[in-house]
Amino acid sequence: MTTPSTSSSIQKTFLKYQHVFVFLAPLAFVVGVYFFAPTPESAGTAYWVRYWWLFLAFITGATIVNTVGISGSALFVPFLIFVFPVVAGETLTPETLVKVGLISESFGLSSSALAFIQYGLVDRRLALSLVAGAVPFVVAGALLSFIIPAPVFHAMLGMALLAASYLLFKADLGHEEPSAAGDEADADAAADGGRADLPDDDDKLGPAGVEKADDGTVTRIDRDGNDYTYSHGGYLERFANYSVGGVFQGLAGFGIGELGIISMLRTNVPVRVAIGSNHIVVALTAVLASLVHVFGGGLVPGAHNIDLASTPWNMVVWTVPATVTGGQIAPYVSANLDTSLIKKGVGVLFAVISVALFLMASGTV
């Protein structure tokens, strides 16, 4: 039987070398696709390298979405709808959009979630409680995706993101800045590089640690020694946002991250901790939504399961490694960007995506 100390040691070793395991996953995926995926009989070198340029587009998109803590499909789906036809000269079907977005997003978000955990920017108690509350709504949304008209969905999500953009610009984020590292912090430094007045967390690396006071105040310290203070209050507001977002997550693979992070910020969770914790929620619900989209069609009268044989494997062999790489880069970008820049970037991103969704709903594009 594994003892707690052994389990903790294994977890710490895994997090320490998580980038190795993370990059082995897409390698195994690409090899598996090349040798075992149902591809056209005439598939040759030209087939596999046809969409090489998607690697550049998806690594950029994955870095952006993982930095601000939203779902990858929030950028990937509009990109595949508006940009891909211009560059590739072909239009993808909605079924293909869902498959490429969900497969790529699941790998990328899982990669970034591990990187944020390693960096010490994830409140696992907060994240897992939100996942547990969101599960039934994600499943319900995924099942609704088989019957709800696409224009109705696009219009609804466009309105939700526009409201989220407004709330984000109005939110007061002054509380979230990490404490400055100075002489006082240096004086309190512990032997392992952490803070002497905070316990070192065995499940995290270097100076990372967390402490919860009797009054509910949480003090978290990341791998660089920055500390953040907040509380776990505001569960009802977060539950409401993640419930609505969970329905959208199930419908098309994005929505829970975009709406959820607003409730995190509005309930005084520091922006970098909110982004990191939100990654766990989005990653796990993205995987769940993928499974329901693939296998849940049989539960809905008249629906159909996704046909894996029609998956554009020559696309995902480029997008999966790209999203994984972007997910690993994101925590470093997030930790070094100015908070106001992150805030404005997320708000503008939401507004742009909502405009694109309104155009899709109106049939303009």
Side-chain angles (χ1 to χ4, degrees), residues 18-34 37 48-84 87-88 92 96-119 121-122 249 252-258 261 275-276 278-291 293-294 306 311-334 345-346 349 353:
Q18 59 88 23
H19 57 281
V20 176
F21 297 103
V22 162
F23 284 111
L24 284 176
L27 177 61
F29 174 80
V30 171
V31 171
V33 165
Y34 183 80
W48 292 110
V49 301
R50 181 178 181 182
Y51 300 113
W52 66 268
W53 51 273
L54 286 176
F55 181 87
L56 303 177
F58 271 65
I59 193 174
T60 301
T63 301
I64 293 173
V65 298
N66 285 303
T67 296
V68 299
I70 63 175
S71 307
S73 292
L75 270 189
F76 299 152
V77 169
F79 171 83
L80 292 173
I81 291 174
F82 299 114
V83 180
F84 181 84
V87 179
L92 301 175
T96 300
L97 292 173
V98 172
K99 284 189 288 191
V100 174
L102 286 175
I103 292 172
S104 305
E105 179 180 85
S106 296
F107 275 89
L109 287 169
S110 298
S111 163
S112 189
L114 287 174
F116 272 96
I117 291 174
Q118 184 196 48
Y119 215 89
L121 292 172
V122 172
Q249 183 78 356
F254 63 99
I256 196 168
E258 293 76 5
I261 197 168
I275 290 171
N278 205 42
H279 271 71
I280 301 296
V281 181
V282 179
L284 293 179
T285 54
V287 173
L288 175 61
S290 301
L291 294 174
H293 271 279
V294 172
I306 290 179
T311 301
W313 299 110
N314 55 345
M315 293 178 61
V316 295
V317 293
W318 296 104
T319 62
V320 165
T323 55
V324 169
T325 304
Q328 290 290 295
I329 296 173
Y332 301 94
V333 177
S334 176
V346 176
L349 186 62
I353 294 173

CD1 of I256 to OG1 of T285, rounded to nearest 0.5 Å, is 4.5 Å

In this structure, CG of L24 is separated from CZ of F29 (nearest 0.5 Å) by 15.0 Å

On a heavy-atom basis, the closest approach of A289 and Q249 is CB-O, 3.8 Å

Of F107, F58, F82, the one forming a ring pair (Phe, Tyr, Trp, His ring centres under 6.0 Å) with F76 is F58

Value for CG (N314) from CG (L54), rounded to nearest 0.5 Å, stands at 9.0 Å

| Hey, does H279 have a side-chain heavy atom less than 4.5 Å from the side chain of L114? | no

Residues at least two apart in sequence or cross-chain that pass ring-ring contact (aromatic ring centres under 6.0 Å, His included) with F23, listed by chain then number, are none

In short, W318 meets W48 closest at the heavy-atom pair NE1-O, 2.8 Å

Closest non-hydrogen contact found for W53 with A88 is CZ2-CB, 3.9 Å

Contacts of Y51 meeting ring-ring contact (aromatic ring centres under 6.0 Å, His included) (sequence neighbours excluded), chain-then-number -> F84

Quick note, salt bridge (charged side-chain N to carboxylate O under 4.0 Å, His left out) partners involving residues 50-66, not counting sequence neighbours, are R50-E90

So CG of L291 and OG of S106: to nearest 0.5 Å the spacing works out to 8.0 Å

Minimal heavy-atom distance between V317 and V30, with the atoms involved, is O-CG2, 3.7 Å

Distance-only donor-acceptor hits, side chain of residues 320-328, under 3.5 Å, sequence neighbours excluded:
| unit_1 | atom_1 | unit_2 | atom_2 | d |
| --- | --- | --- | --- | --- |
| T323 | OG1 | S104 | O | 3.1 |
| T323 | OG1 | T319 | O | 3.1 |
| T323 | OG1 | V320 | O | 2.9 |
| T325 | OG1 | P321 | O | 2.8 |
| Q328 | OE1 | Q18 | NE2 | 3.0 |
| Q328 | NE2 | Q18 | OE1 | 3.2 |
| Q328 | NE2 | S111 | O | 2.9 |
| Q328 | NE2 | S111 | OG | 3.1 |

Those residues at least two apart in sequence (or on a different chain) that pass side-chain contact (heavy atoms from CB on, under 4.5 Å) with A57 are F79

For residues 70-80, the salt bridge (charged side-chain N to carboxylate O under 4.0 Å, His left out) pairs (sequence neighbours left out) are none

When rounded to the nearest 0.5 Å, the distance separating CD1 of I275 from CD1 of I261 is 4.5 Å

Applying ring-ring contact (aromatic ring centres under 6.0 Å, His included) to W52 and not counting sequence neighbours gives none

